[in-house]
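Positions are given from 1, in the same order as the sequence printed here.
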Amino acid sequence: MVLLIKEDVNGIFFSTDVTLGLIPLIILILTVANTNIDYTDSFLEKQYFQKAQDTAEIMATYKEHNDQTLFQKVSNTLSENRYQKAGIKSARNITFPFLERTIGNMKYRLEEINYLKGSEIISNGDINTAKNVGVAVKCHGKYLYKLYVWQ
């Protein structure tokens, strides 16, 4: 009879020990299950990045009726003008219709970062207030263009 009680007591201690060992695991599982993860920012970053990349790629490859890409036109305009401000104004006139048509209601900024040392060609918003920004970089000749896209 004494032997049966000892085995019974050992089973109770074993069951209690296992139950207490599972409590931290259960708490961890419940904590992870109740965590709200906001994927909005990473989704927007990816969306803006893709929009910037696609737009810059079109600007670098799509040829219009005069058989020049948009970046070719801009590069030619910047190199033909002796005065930097006049060249940037002409480049702005070339890129404005395309960017308005392509990017739509999103904000953008196009700048040349090599020869003109980061001079803005065109912009329709304040990039300093943007939370998520997509960036694309394309090169044509000696000019290196950087396109920023945000909401």
Side-chain angles (χ1 to χ4, degrees), residues 12-151:
I12 289 174
F13 286 130
F14 178 74
S15 297
T16 306
D17 187 42
V18 169
T19 304
L20 290 175
L22 288 176
I23 289 176
L25 183 63
I26 292 170
I27 291 172
L28 180 67
I29 290 172
L30 291 175
T31 302
V32 171
N34 286 330
T35 303
N36 291 329
I37 301 173
D38 186 15
Y39 293 105
T40 307
D41 287 344
S42 62
F43 173 75
L44 287 176
E45 288 173 6
K46 185 176 179 183
Q47 182 183 10
Y48 297 154
F49 174 76
Q50 288 175 339
K51 186 67 170 179
Q53 292 292 320
D54 290 347
T55 303
E57 189 65 32
I58 292 170
M59 292 174 78
T61 58
Y62 178 72
K63 295 183 178 184
E64 292 185 349
H65 59 284
N66 60 357
D67 206 31
Q68 283 187 330
T69 67
L70 197 66
F71 281 143
Q72 284 175 329
K73 287 183 196 176
V74 172
S75 297
N76 291 341
T77 300
L78 291 174
S79 63
E80 289 171 358
N81 284 298
R82 285 182 33 197
Y83 301 106
Q84 184 176 344
K85 288 184 180 182
I88 291 174
K89 184 177 180 182
S90 296
R92 183 177 297 128
N93 292 336
I94 292 170
T95 56
F96 176 75
F98 175 81
L99 290 172
E100 286 295 315
R101 191 174 61 240
T102 306
I103 295 181
N105 63 349
M106 297 177 80
K107 305 291 183 196
Y108 57 85
R109 176 185 169 107
L110 179 65
E111 60 186 38
E112 199 287 325
I113 59 175
N114 186 32
Y115 187 71
L116 300 178
K117 310 271 190 277
S119 294
E120 175 185 301
I121 294 174
I122 189 167
S123 177
N124 74 342
D126 184 14
I127 196 167
N128 297 324
T129 61
K131 185 177 178 184
N132 297 314
V133 180
V135 181
V137 177
K138 287 290 180 187
C139 181
H140 185 271
K142 63 183 177 182
Y143 296 101
L144 188 61
Y145 300 100
K146 189 181 248 187
L147 177 66
Y148 301 91
V149 176
W150 71 94
Q151 193 69 36

Can you measure from [atom1] ([X]) to [atom2] ([Y]) and round to the nearest 0.5 angstrom?
{"X": "Tyr148", "Y": "Glu120", "atom1": "OH", "atom2": "CD", "answer": "10.5 Å"}
{"X": "Lys89", "Y": "Tyr83", "atom1": "NZ", "atom2": "OH", "answer": "15.0 Å"}
{"X": "Lys63", "Y": "Gln68", "atom1": "NZ", "atom2": "CD", "answer": "9.0 Å"}
{"X": "Asn81", "Y": "Ser90", "atom1": "CG", "atom2": "OG", "answer": "5.0 Å"}
{"X": "Gln72", "Y": "Thr77", "atom1": "CD", "atom2": "OG1", "answer": "11.5 Å"}

By the definition side-chain contact (heavy atoms from CB on, under 4.5 Å), identify the one residue from Asn124, Ile122, Val149 that meets it with Leu99.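 So the option named by the test is Ile122.
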Of all the heavy-atom pairs spanning [X] and [Y], show the shortest one and how long it is.
{"X": "Met59", "Y": "Thr69", "result": "O-CB, 3.6 Å"}
{"X": "Leu78", "Y": "Ile88", "result": "CD2-N, 3.8 Å"}
{"X": "Ser123", "Y": "Arg109", "result": "OG-CB, 3.9 Å"}

By salt bridge (charged side-chain N to carboxylate O under 4.0 Å, His left out) - contacts of [X] (at least two apart):
{"X": "Lys73", "result": "Glu64"}
{"X": "Lys146", "result": "none"}
{"X": "Arg92", "result": "none"}
{"X": "Glu57", "result": "Lys138"}

What residues, two or more places apart in sequence or in another chain, satisfy side-chain hydrogen bond (donor to acceptor under 3.5 Å, both in side chains) together with Gln53?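 Partners of Gln53 under the side-chain hydrogen bond (donor to acceptor under 3.5 Å, both in side chains) test: none.
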Under a 3.5 Å distance rule, please check whether Glu112 uses its side chain to pair with a backbone N or O of Leu116 as donor and acceptor.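 Judged by distance alone, yes, a pair lies under 3.5 Å.
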Test side chain to side chain donor-acceptor pair (under 3.5 Å) on Ser119 and Gln84 and set out the steps. CA-CA 10 Å; Ser119 294; Gln84 184 176 344; 3.2 Å; yes
Please list all pairs meeting side-chain hydrogen bond (donor to acceptor under 3.5 Å, both in side chains) that have one or both residues in residues 94-107, counting only residues at least two apart or in different chains.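 Output for this query lists Glu100-Tyr108.
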Could you please spell out the steps behind the side chain to side chain donor-acceptor pair (under 3.5 Å) verdict for Tyr145 and Ser75? CA-CA 10 Å; Tyr145 300 100; Ser75 297; 2.7 Å; yes
